[in-house]
Amino acid sequence: MSEHKLRKIAELNSRLKDQLELPRIPVSQASESLIAYMNNTKDYLLPSVWGPPPHDPFASQTTGGCGCSVMHYAKHASLVERCYPAERADDAVPSSNELSYLVYYAQSKPAKLTKVGAHLSRRIARDAQRRRRADVVVGLLIFDALLGACGRDLNFFARDVLDSLDAALAADDPELAPAATRTFARFCRNHSGATFAIDSALRSLYARLIRAF
């Protein structure tokens with residue numbers, strides 16, 4: 001037997017010994033540990049079970065010393081916020097570099113579209129309520145980019161798109177109509193309609209938007 005082959009066998013034998021020494025527990029004990037963890041660990045993504053979180057992670061937080069107010073965002077929220085131009089203008093558009101990075105992030109991690117869509121939807125609703133027309137348009141343009149690049153994963157953020165369109169129309173601003181119409185048309189091209197059969201709330205929202213448009 002060659003020295004190289006003998007060394008490979010010795011390495012494999014060593015790894016097997018290491019695995020043999022790993023602590024093991026019965027499946028029943030592991031299941032009990034998982035159940036105990038689920039029962040005792042609060043998951044605020046399930047507000048119907050655990051209630052609302054004790055604090056809003058997106059709220060302004062005041063730092064000590066100068067009394068400045070600093071926004072602390074999670075990564076997905078930070079990527080969304082960076083797409084908005086620093087200076088407001090009537091013809092504002094998303095920052096192209098930041099939007100490209102956000103799209104890349106969403107394409108590489110489709111499950112993150114749930115958080116991206118939720119944050120963007122909240123931002124659009126807030127801007128629509130405050131009559132920030134340019135920011136609402138920028139938000140809808142961001143959704144346009146996500147719909148174009150991540151259309152096959154639309155189910156992750158379909159509700160967020162429709163909620164945003166509903167908020168934009170509720171602002172009763174005719175200047176928002178072109179942007180909202182464009183986003184709604186892109187949504188319709190990408191959505192298969194399959195989820196409407198199982199999500200009555202989403203179906204009702206879609207039907208209301210159809211009537212509005």
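In this text, all values refer to a predicted model and were calculated from it rather than measured experimentally.
For the pair Arg123 and Tyr84, the minimum side-chain heavy-atom distance is below 4.5 Å. A 4.5 Å side-chain heavy-atom check between Leu205 and Arg159 finds at least one atom pair inside the cut-off. Contact of the Pro85 side chain with the Val138 side chain is registered, since non-hydrogen atoms from C-beta on lie closer than 4.5 Å. Counting heavy atoms from C-beta on, the side chains of Ser164 and Ser121 come closer than 4.5 Å. With contacts defined as side-chain heavy-atom distances shorter than 4.5 Å, the pair Glu81/His119 qualifies.
Listed by chain and number, the hydrophobic cluster partners of Leu12 are Leu16, where partners are ILVMFWY side chains within reach of under 4.5 Å, directly or through others.
Using a 4.5 Å cut-off between side-chain heavy atoms of Ile, Leu, Val, Met, Phe, Trp and Tyr, with links allowed through other members, Val27 and Ile25 fall into different hydrophobic clusters.
Ring geometry, Tyr104 versus Tyr101: the interplanar angle falls from 30° to 60°, so the pair is classed tilted.
Distance check: Glu11 CD to Arg15 CZ gives 6.5 Å after rounding to the nearest 0.5 Å. Atom CD in Gln29 sits 11.0 Å away from atom CG in Leu34 (nearest 0.5 Å). The CG atom of Leu120 lies 12.0 Å from the CG atom of Leu79; values are rounded to the nearest 0.5 Å. Taking NE2 from His76 and NZ from Lys109, the interatomic distance works out to 12.5 Å, rounded to the nearest 0.5 Å. With values rounded to the nearest 0.5 angstrom, Leu165 atom CG is found 8.0 Å from Ile124 atom CD1. To the nearest 0.5 Å, the span separating CZ on Arg7 from CD1 on Ile9 amounts to 11.5 Å.
Exactly one of Thr181, Leu209, Leu176 qualifies for a side chain to side chain contact (heavy atoms under 4.5 Å, CB included) with Leu169. That residue is Leu209.
Residues Ala128 and Val136 approach most closely at N-CG2, 3.5 Å, considering heavy atoms. Residues His191 and Gly193 come closest through the heavy atom pair ND1-N, 2.8 Å. Here the shortest heavy-atom pairing between Ala134 and Ala92 reads CB-CB, 4.2 Å.
Tyr206 pairs by the ring-ring contact (aromatic ring centres under 6.0 Å, His included) definition with Phe184, Phe196, not counting sequence neighbours.
Ser78 and Arg82 share a donor-acceptor pair across their side chains, judged by distance under 3.5 Å alone.
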Full working for side-chain contact (heavy atoms from CB on, under 4.5 Å) between Leu102 and Glu98:
CA-CA 6 Å; Leu102 174 64; Glu98 302 297 344; over 6 Å; no
Evaluation steps, side-chain contact (heavy atoms from CB on, under 4.5 Å), between Ser200 and Arg203: CA-CA 5 Å; Ser200 59; Arg203 184 172 65 248; 3.5 Å; yes
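Residue Gln129 qualifies as open at atom CD: its count of foreign heavy atoms under 6.0 Å is 12 or below.
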Between side-chain atoms of residues 140-157 and protein atoms elsewhere (two or more places apart, or another chain), which donor-acceptor pairs fall under 3.5 Å?
residue, atom, partner, partner atom, Å
Asp144, OD1, Thr183, OG1, 2.8
Asp144, OD2, Arg182, NE, 2.8

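Using a 4.0 Å cut-off between a side-chain N of Lys or Arg and a carboxylate O of Asp or Glu, Asp127 and Arg133 do not qualify as a salt bridge. Arg208 and Asp166 are joined by a salt bridge, as a carboxylate oxygen and a charged side-chain nitrogen come within less than 4.0 angstrom of each other.
Checked by atom type and distance alone, the side chain of Asp199 never pairs as donor or acceptor with a backbone atom of Thr195 at under 3.5 Å.
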